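First comes the structure, then the notes that go with it.
For clarity, every value in this text was computed on a predicted model and none was experimentally measured. Below, all heavy atoms of this structure are taken into account, side chains as well, without hydrogens, waters or symmetry copies. Each chain gets a letter, A, B and so on, in the order its sequence line appears, and its residues count up from 1.
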Protein chains: 2
Amino acid sequence: MDEPAWLDEHELSAWQAFLATGAIINRLVEQQLKDDSGLSHSQYEVLVRLADATDGELRMTELAGAAFTSKSGLTYQVAQLEKAGLVRRRACPTDVRGVIASLTDEGWAALRAAAPGHAALVRELFVSGLSREEFAGFAAGLSALLGRLYAHVD
Amino acid sequence: MDEPAWLDEHELSAWQAFLATGAIINRLVEQQLKDDSGLSHSQYEVLVRLADATDGELRMTELAGAAFTSKSGLTYQVAQLEKAGLVRRRACPTDVRGVIASLTDEGWAALRAAAPGHAALVRELFVSGLSREEFAGFAAGLSALLGRLYAHVD
DNA sequence: AACCAGTTGTTCGAACCCGAACCAACCCCC
DNA sequence: GGGGGTTGGTTCGGGTTCGAACAACTGGTT
């Protein structure tokens, strides 16, 4: 009974703003990366996750989890990156089924080349539009939300 | 010179959280709508924008702008919705080129049927994880960000 | 040792989405 | 009133994504 069928005014406008910002930012980031480095956003994310890992290597499943894509989607993207010479695949020594994706030297170089432009755009779109306090509050909300979501997926 | 090539710790974690929340929420919402109503999220958004407009009617271009999709993407979705009987297309009286998408009775019914489950999920994922103050701060940040983005697209 | 539930990564079919190209029609200004 | 630039919407081709099905393998249990 206390669960109305529609979102109220505040909920709705925040929700719409969330969808809109996500859509617009994603589009602009995608565009910038493609124009500037020939990488899609998902490919860039894959490179970043690999670079974050020790030795620039990660099992496929771990990578899929970190990059917010499905297993099959990752198989596709890694195949593309391998074709481009940015990523290498090798067998996992402890599990015959396993595949380890690992950054090549070209992969590191591509990431280093792409990062500054990407960082500049993210700052411009995402950071510099807010005051320090606004950004702090916003980031706190995001992080709380994310924690909640992890609990929800479990 | 004062533009570092990488995001700093705070920027990065907020940015990652933003990407992660967007990805997870979109996936869950997509899933819920599909299971519950057989609609994709974009289709649901189209229905919502039409329902918000006077008489449940909108020109294709306005609709594309409101639903954050490309013109061709919208053509596709409206075709799907028309096939499903939820939307009708008619000629625009003041512009021969124009096409007006309009909700059918079935469209209104489908939206009314889908809304409660969707609203409940959005509340659960997006609203109820934050305190009232957190949510207010978060929403303010979102809205400021969105304003900035609109200026950026112009 | 033999089973069996769960995991790993790929393949396959389908859906989706975008940008570019396109045609028709609009607008406006001379 | 008749160009020329702009806009409205669709079509087309290609790339991307997903989930389901699959086969191979693992680890624990008996």
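The A/Ser72 side chain lies nearest to C/dC12 when the options are C/dC12, D/dT7, C/dG19. Distance from the side chain of A/Gln31 is smallest for C/dG19 among the nucleotides C/dC18, C/dG19, D/dA24. Nearest nucleotide to the B/Asp95 side chain, out of D/dT16, C/dT8, C/dA25: C/dA25. Side chain of B/Arg27, nearest nucleotide from C/dG9, D/dG9, D/dG19: D/dG19. Here the side chain of B/Gln77 is nearest to one of D/dC18, C/dC18, C/dC16, namely C/dC16.
Look at B/Lys34 and you'll find a side-chain N or O under 4.0 angstrom from OP1 or OP2 of C/dC16. Between B/Tyr76 and the phosphate of C/dC16, there is a side-chain N or O to OP1/OP2 separation shorter than 4.0 Å. Phosphate contact (OP1/OP2 of C/dC17, side-chain N/O of B/Thr69, threshold under 4.0 Å): absent.
In this structure the side chain of B/Leu12 never reaches within 4.5 angstrom of the side chain of B/Asp8, judged on heavy atoms. Side-chain contact between B/Val127 and A/Leu7 is absent, with no heavy-atom pair separated by less than 4.5 Å.
A/Phe18 pairs in a ring-ring contact (aromatic ring centres under 6.0 Å, His included) with only one of the listed residues (B/Phe126, B/Phe68, B/Phe135), which is B/Phe126.
Here C/dC18 presents its P atom at 11 Å from CG of A/Asn26, a figure rounded to the nearest Å. Taking atom CZ of residue A/Phe68 and atom P of nucleotide D/dC18, one finds them 12 Å apart after rounding to whole Å. Between the P atom of D/dT17 and the CD atom of A/Gln43 lies a distance of 8 Å, rounded to the nearest Å. Atom CG in A/Leu74 sits about 10 Å away from atom P in D/dT17, given to the nearest Å. We find that NZ of B/Lys71 is positioned 16 Å from P of D/dC12, with the value rounded to whole Å. Atom-to-atom, NE2 of A/His41 to P of C/dC18 comes out at 16 Å; the value is rounded to the nearest Å. Between the CD1 atom of B/Ile100 and the P atom of D/dG8 there is a distance of 13 Å, given to the nearest Å. A/Leu39 places its CG atom 15 Å from the C1' atom of D/dT16, with the value rounded to the nearest Å.
Under the 3.5 Å distance criterion, the side-chain polar atoms of A/Asp36 are left unmatched by any main-chain donor or acceptor of A/Gln32.
Both A/Arg59 and B/Gly73 sit near DNA chain C, but only A/Arg59 has its closest nucleotide nearer the 5' end. Closest-nucleotide positions on DNA chain C for B/Gln80 and A/Gly98 were compared, and the one nearer the 5' end corresponds to A/Gly98. For the pair B/Arg97 and A/Ser70, both in contact range of DNA chain D, the more 5′-proximal nearest nucleotide belongs to B/Arg97.
Counting non-hydrogen atoms under 4.0 angstrom, B/Thr75 reaches a base of the nucleic acid. Contact annotation for A/Ser40: no contact, since no heavy-atom pair falls under 4.0 Å across all strands.
Within a 6.0 Å sphere centred on CG of A/Asp105, other residues, nucleotides and ligands contribute 12 heavy atoms or fewer.
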Tell me, with the steps shown, if B/Leu146 and B/Leu142 meet side-chain contact (heavy atoms from CB on, under 4.5 Å).
CA-CA 6 Å; B/Leu146 187 55; B/Leu142 266 181; over 6 Å; no
